[in-house]
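Written below as structure tokens is the structure these notes are about.
All of these numbers come straight from a predicted model, not from anything done at the bench.
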Amino acid sequence: MVLHSKLWKMLSTHLSIDYRKVTIVFPVTYFIVFLYLDLVRFYNFNFYLDFGAYLQAIYTTAFHGKLLYENYDAATIFLREGIPYFGSYLGIHFSPILFIFVPVFRIFPFPETLIVLKVLAISLSIFFAYKFALVFLKSAKLAFIATLLYTLHPALHSLTLFDFQPQAFFPLFMFLSIYTLLKGKVVLYFLSLIAALSTNEFMSILICSLALVDIVLKRNTTSIFTKRKYAVVTFIIALSWYIMASLIMPMFKPRVFSPWATLFSGEIVEALAYGFLEKVSYFLMIILPFGFIPLRSTYFLALLPYLGSVFTSTYAGLFQLGWHYGSYFLPLMFIALTDSLSKAPKLKMSKTLLIISIAASVFLSPLNPITAGNIPGAAYDPTPFNKEHIGYIFKVFKLIPENASILVQTPLSQHLAMNINAYTWVPNIEDYNIEYILADIKHIDFKVYGFNRLIPQLLSNRSYGLYAYADGIILLKKNYTGKPILYYPFKAAFKYAGLIGGKLRVSSGDLILGDSRPVIDLTSKSFVVVLCRGAAEGPIDVAWYGPYIFLPPGTYNVTFVLKVKKYSISNGPIMKLDVASNKGLTIYSSKIITFNDIGNENQWVNATLTFSLNSFVDDIEFRGLNVGRYDVYLDYIYVEQVKLSI
């Protein structure tokens, strides 16, 4: 309590200068910091499929007269729903706000334009969140605290760092609409309301819910709608908007996603049970940064449609913090927070609760190096490639003619989306006259979208030739018969980095542990190494295995960086190292390591195997087996291509 009192005194003393400065300091600082981070993530290929989809939709509208035409969702829809799709994005989500960006894009036709607009909108939402809170609370200090919690919320950071989403504009227009209504500017209110509805069809459900709560439960208390008639009109507009969206979207895609699908499937119990603990954890992570205070407001009930879709979902992304779903709940939760602070003076914000809330936000933020990479969601994902590999990608880009027809793997596709002939999936290569195919075996999407099957097939039937190969980046050209005009050998280091969300992140080089565990070793390069306690636990069958990577024909060296602790005078076998595939049934190289190979104990040494592949292999693994009575440490595994045989 003494520490809390001192922190509170320091905080209040420093911030008592002028709380209204938040209107400039918070949004401006947020814009500068996150614009830089977002641009870095874009150039480092942290952005994903969605950015390419929106970029292509806006580009084709601005320069080809199309109606938000994009090819990028075809792969996702086919994989999830089995429906071939190429057409307007309005069939994916009803987001007519995208049309507003078209004239801006005509003037500034760059991918970075969308990044600037997104970060600017989220930064401005901080400004109008404060303006709304100031008018509603009539206290600069409370408005400052509420806005501070909003600015620090990890879901807001995830929204900013994840791709580009029209939903990112919802908080801005939601706060702007309520603020203008509180100030008596009714025309501006309805214009802002339409803009908020235009971001995504689901927002109309949230706004309907917010208005309904106000109509039914806020008759004799302070209302954000100022007058009951505005809540009623808002409900009617939002409901009409949802009906309109439900009628328009099927015109562009035969099957439209419904957040209520589970309710009508008869499998609601199974859906509720699916990932239940993860869903509860997600709820705690989004409410704790607000100190649970929104729960005291009746406006929190407006979030029931959103929370209902989360708890009945079998799609894990909906209950993971690192995606863009903060745009759905943050505005309404902030309204509930502000309402709670206004009606309970004695429960406004305790010192302890404020500190806990801030600490939770700082810890859970994707900016925190501790949690980054350890919380599911794209905003927390580390950069998938190193600087050398990123340089190779841009060299390969230069080999592709402008507007060439190309099938390209995500996330490389985001940089080629300003091309009406760019695809991430096509049902038939020949039907679409695809000239180039670009893929990267170092990214997990290489397998997710089937490039591991497509590329060997096209090269074997000679319809395409290998035009360039750079550290696992493969560029095929139709009817090409010469040697690759660009070649850099494949190099990769694989180390234990943890299984995130139950998935093997091939791009970061994860290994799967057998009878072993990760430990910290300050003498290693990886810092976290794999330890097999053979000395204490007796013989071990499997120490580690994985990472099941795809490799083309060629010759490779694989080096295991090991350290051994000896517990007997025996110089017998320590362990067996394998390069294998087909779940260990096919062995390409194998070596039994003895203490004579290691030399001195407690020193890192290299054990190298050479292997050759005569064809494409989809599931190469590097295994450590049959550990004897020794403690064996694995720092990392390094693979280097000696020869390409295509």
For Pro154 against Tyr380, the heavy-atom pair lying closest together:
CB-OH, 4.0 Å
Locate the shortest heavy-atom distance separating Ala196 from Ile207; write the atom from each residue and the value.
CB-CD1, 4.3 Å
Backbone N/O of Leu67 and side chain of Thr61: donor-acceptor pair under 3.5 Å
no
Side-chain contact, heavy-atom cut-off 4.5 Å: Phe105 with Leu55?
yes
Could you report the tightest heavy-atom contact between His153 and Ile286, atom names first, then the distance?
NE2-O, 2.9 Å
Return each pair, listed once, that meets side-chain hydrogen bond (donor to acceptor under 3.5 Å, both in side chains) where at least one residue sits in residues 172-182; pairs must be two or more places apart or across chains.
none
Keeping the roles fixed (side chain from Arg296, backbone from Ser340), state whether a donor-acceptor pair exists under 3.5 Å.
no
Under 3.5 Å, side chain of Asn46 to main-chain N/O of Pro382, donor-acceptor pair present?
yes
Measuring from atom OG1 of Thr314 to atom CG of Leu272, what distance do you get when rounded to the nearest 0.5 angstrom?
11.0 Å
Contact between Phe101 and Leu117 at the side-chain level, heavy atoms closer than 4.5 Å - yes or no?
yes
Taking Ser413's backbone N and O only, do any of them form a donor-acceptor pair with Tyr72's side chain (distance below 3.5 Å, no angle check)?
yes
For the ring pair Phe51 and Phe42, is the centre-to-centre distance below 6.0 Å?
yes
Can you list the residues that meet the side-chain hydrogen bond (donor to acceptor under 3.5 Å, both in side chains) rule with Glu278, with sequence neighbours excluded?
none
Rounded to the nearest 0.5 Å, what's the gap from OG1 on Thr60 to OH on Tyr89? Could you check?
13.5 Å
May I ask you to test the Leu149-Pro289 pair for a side-chain heavy-atom distance under 4.5 Å?
no
Under 3.5 Å, is there a donor-acceptor pair between the side chain of Arg41 and the main chain of Phe47?
no
For Val528, does its backbone N or O pair with a side-chain atom of Lys495 as donor and acceptor, under 3.5 Å?
no
Side-chain donor-acceptor pair present, Asn200, Ser95, cut-off under 3.5 Å
no
Test side-chain contact (heavy atoms from CB on, under 4.5 Å) on Leu318 and Tyr325; report intermediate values, then the result.
CA-CA 7 Å; Leu318 279 178; Tyr325 298 107; 3.4 Å; yes
Run Asp339 and Lys218 through salt bridge (Lys or Arg N to Asp or Glu O under 4.0 Å) and show every step you take.
CA-CA 11 Å; Asp339 184 54; Lys218 301 287 287 186; 3.1 Å; yes
Evaluate Ser327 against Met203 for side-chain contact (heavy atoms from CB on, under 4.5 Å), listing each step before the verdict.
CA-CA 9 Å; Ser327 58; Met203 303 314 182; 4.2 Å; yes
side-chain contact (heavy atoms from CB on, under 4.5 Å) between Met249 and Glu201, worked out:
CA-CA 10 Å; Met249 290 174 64; Glu201 71 279 358; 4.0 Å; yes
Results of salt bridge (Lys or Arg N to Asp or Glu O under 4.0 Å) for Asp445 - residues two or more places apart only:
none
Leu301 side chain near Leu304 side chain, heavy-atom distance below 4.5 Å:
yes
Check whether any side-chain heavy atom of Ser198 lies under 4.5 Å from a side-chain heavy atom of Ile194, and answer yes or no.
yes
Measure the CG-CG distance between Leu210 and Leu303 for me, rounded to the nearest 0.5 Å.
9.0 Å
Tell me the closest heavy-atom pair linking Phe162 and Ala378, and the distance in Å.
CD1-CB, 3.5 Å
Determine all donor-acceptor pairs shorter than 3.5 Å in which one atom belongs to a side chain in residues 165-174; sequence neighbours excluded.
from   : atom 1 : to     : atom 2 : distance (Å)
Gln165 : OE1    : Tyr54  : OH     : 3.2
Gln165 : NE2    : Asp50  : OD2    : 2.5
Gln167 : NE2    : Tyr328 : OH     : 3.0

Which value, rounded to the nearest 0.5 Å, describes the distance between Leu330 atom CG and Ser158 atom OG?
9.5 Å
Under the ring pair (Phe, Tyr, Trp, His ring centres under 6.0 Å) test, residues paired with Tyr189 that sit two or more places apart
none
Mind checking side-chain contact (heavy atoms from CB on, under 4.5 Å) for Ala336 and listing every partner two or more places apart, or none if nothing turns up?
Pro294, Ser297, Tyr299, Phe300
Listed by chain and number, what are the ring pair (Phe, Tyr, Trp, His ring centres under 6.0 Å) partners of Phe311, not counting sequence neighbours?
none
Side chains of Ile293 and Leu353 in contact at under 4.5 Å (non-hydrogen atoms)
yes
List, one per line, each side-chain donor-acceptor pair under 3.5 Å for residues 361-370, sequence neighbours excluded.
from   : atom 1 : to     : atom 2 : distance (Å)
Ser361 : OG     : Ser357 : O      : 3.3
Ser365 : OG     : His157 : ND1    : 2.8
Ser365 : OG     : Leu367 : N      : 3.0
Asn368 : OD1    : Ile370 : N      : 3.0
Asn368 : ND2    : Phe363 : O      : 2.9

For Phe334, give me all partners under ring pair (Phe, Tyr, Trp, His ring centres under 6.0 Å), at least two apart in sequence or on another chain.
Tyr150, Phe175
Which pair of heavy atoms, one from Gly308 and one from Thr312, lies closest together, and at what distance?
O-OG1, 2.7 Å
Just jot down the ring pair (Phe, Tyr, Trp, His ring centres under 6.0 Å) partners of Phe128, sequence neighbours excluded, or say none.
none
Non-hydrogen side-chain atoms of Ile107 and Thr113 separated by less than 4.5 Å
no
Which heavy atom in Phe292 sits nearest to a heavy atom in Leu288, and how many Å separate them?
CE1-CD1, 3.4 Å
Just by modelled atom types, is the Ser204 backbone N or O under 3.5 Å from a matching donor or acceptor in the Trp241 side chain?
no
His443 side chain vs Pro411 backbone, donor-acceptor pair below 3.5 Å
no
Interatomic spacing from CD1 in Ile122 to CD1 in Ile126 - rounded to 0.5 Å
8.5 Å
Whether Ser313 side chain and Tyr315 backbone form a donor-acceptor pair below 3.5 Å:
yes
Does Asp38 have any salt bridge (Lys or Arg N to Asp or Glu O under 4.0 Å) partners at least two apart in sequence or in another chain, and if so, which?
Lys118
Inter-residue atom distance Leu98.CG - Thr199.OG1, 0.5 Å rounding:
9.5 Å
Evaluate the criterion side-chain contact (heavy atoms from CB on, under 4.5 Å) for residue pair Tyr230 and Val233; output intermediate values, then yes/no.
CA-CA 5 Å; Tyr230 293 135; Val233 174; 5.6 Å; no
Sequence neighbours excluded and cut-off under 3.5 Å, please list the side-chain donor-acceptor pairs for residues 25-36, or say none.
from  : atom 1 : to     : atom 2 : distance (Å)
Thr29 : OG1    : Val25  : O      : 2.7
Tyr30 : OH     : Leu156 : O      : 3.3
Tyr30 : OH     : Thr160 : OG1    : 2.7

For residues Thr222 and Phe136, determine if any side-chain heavy atom of one lies less than 4.5 Å from a side-chain heavy atom of the other.
yes
Donor-acceptor contact present, side-chain Gln320 to main-chain Gly322, <3.5 Å:
no
Could you tell me whether His415 and Phe45 have their ring centroids closer than 6.0 angstrom?
yes
